[in-house]
Amino acid sequence: MTRWILGGLAVTVAVVVLTAMFVKSDVDQDRDTHRGPAQVIGQNMPGLTVARLGGGTLALNDFRGRDVLVNVWATWCGPCRREMPALERLAKAENGRLLVVAIDQGEDPAAVKPYAQRFGITFPVGLDADQQVGTVLHMVGMPSSFFVDRSGVIRDAVDGEMTYDTMTTKAQTLVAGG
């Protein structure tokens with residue numbers, strides 16, 4: 001009788017182990033479903049409109065006909081703060097060839113304006129109070145950057161902080177048409 005119980009227990013353990021090995025867990029399924037910004041590569045940039053720092057609006061579809069780097073960030077984000085000077089440097093270096101646009105997520109203009117002044121930001125800054133941009137673009141964290149070609153197609157996406165060299169290489173690839 002003990003042998004039958006131990007044998008049944010061994011079979012049960014084997015079935016559980018094999019199931020765990022071959023059946024995706026909720027975490028694995030979620031990771032596959034939510035791959036972050038990379039899942040929007042090849043898609044058109046969504047036609048979202050946000051408020052513009054300083055007044056007016058910023059419509060992401062208004063940039064058709066230009067290569068654009070859309071960077072989504074927040075003032076409280078450490079990697080965003082480290083990356084911002086490189087974005088400004090890139091905007092100046094690629095002026096006329098690439099437009100850099102920054103979209104702040106969920107913050108009051110009173111927090112964003114002094115931040116933009118402190119970093120000497122000269123490119124357009126959008127204020128996404130409802131954080132719709134981050135949701136639609138499947139952001140996992142901040143900063144996230146999207147390289148959008150002249151026809152409005154997202155050609156590359158980066159989840160996380162980029163170095164100046166990385167963003168320059170990606171921008172040059174975009175501007176070159178590939």
Side-chain angles (χ1 to χ4, degrees), residues 34-41 43-172 174-175:
H34 304 289
R35 297 185 328 260
Q39 66 186 306
V40 298
I41 294 173
Q43 296 178 14
N44 286 327
M45 176 57 87
L48 300 171
T49 300
V50 297
R52 184 174 182 154
L53 185 64
T57 59
L58 197 63
L60 297 181
N61 282 336
D62 285 351
F63 304 119
R64 296 257 166 116
R66 297 190 68 182
D67 292 313
V68 183
L69 166 54
V70 177
N71 179 266
V72 186
W73 61 285
T75 63
W76 52 262
C77 164
C80 302
R81 282 192 300 274
R82 289 190 303 269
E83 185 180 64
M84 195 57 68
L87 287 168
E88 179 60 28
R89 183 176 165 201
L90 180 71
K92 287 179 178 172
E94 296 294 326
N95 188 23
R97 297 184 338 140
L98 175 80
L99 175 66
V100 175
V101 176
I103 309 292
D104 176 81
Q105 290 293 278
E107 295 182 289
D108 189 281
V112 178
K113 186 175 181 180
Y115 179 95
Q117 290 171 336
R118 187 172 88 225
F119 284 99
I121 297 172
T122 59
F123 48 82
V125 176
L127 303 165
D128 184 12
D130 300 329
Q131 300 183 30
Q132 61 183 343
V133 173
T135 300
V136 171
L137 293 176
H138 303 282
M139 285 178 39
V140 176
M142 284 192 274
S144 288
S145 297
F146 303 87
F147 293 83
V148 184
D149 71 13
R150 293 175 187 105
S151 61
V153 176
I154 300 168
R155 294 295 174 192
D156 200 353
V158 176
D159 179 31
E161 179 182 358
M162 289 186 289
T163 64
Y164 178 75
D165 290 341
T166 298
M167 65 178 68
T168 298
T169 299
K170 290 181 176 295
Q172 290 172 350
L174 178 69
V175 170

Would you check if there is a donor-acceptor pair between the side chains of T163 and D165 at a distance under 3.5 Å? no
Under 3.5 Å donor-acceptor, [X] side chain and [Y] backbone:
X	Y	value
Q105	G134	yes
E88	T122	yes
E83	M162	yes
Q132	T49	yes
D67	D149	no
S144	V140	no

In sequence, state the C-alpha distance, the side-chain angles, and the governing distance for M45 and F146, and then conclude on side-chain contact (heavy atoms from CB on, under 4.5 Å). CA-CA 9 Å; M45 176 57 87; F146 303 87; 4.1 Å; yes
Any residue meeting salt bridge (Lys or Arg N to Asp or Glu O under 4.0 Å) with E107, in chain and number order, not counting sequence neighbours: none
Report the residues that fulfil side-chain hydrogen bond (donor to acceptor under 3.5 Å, both in side chains) with T57, sequence neighbours left out, ordered by chain and then residue number. none
Would you say that more than 12 heavy atoms from the other residues, nucleotides or ligands in this model lie under 6.0 Å from the CZ of R89, or not?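 12 or below, so no.
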Would you indicate whether the side-chain heavy atoms of P114 and T75 approach each other to under 4.5 Å?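 Side chain of T75 against side chain of P114, heavy atoms only: no contact under 4.5 Å found.
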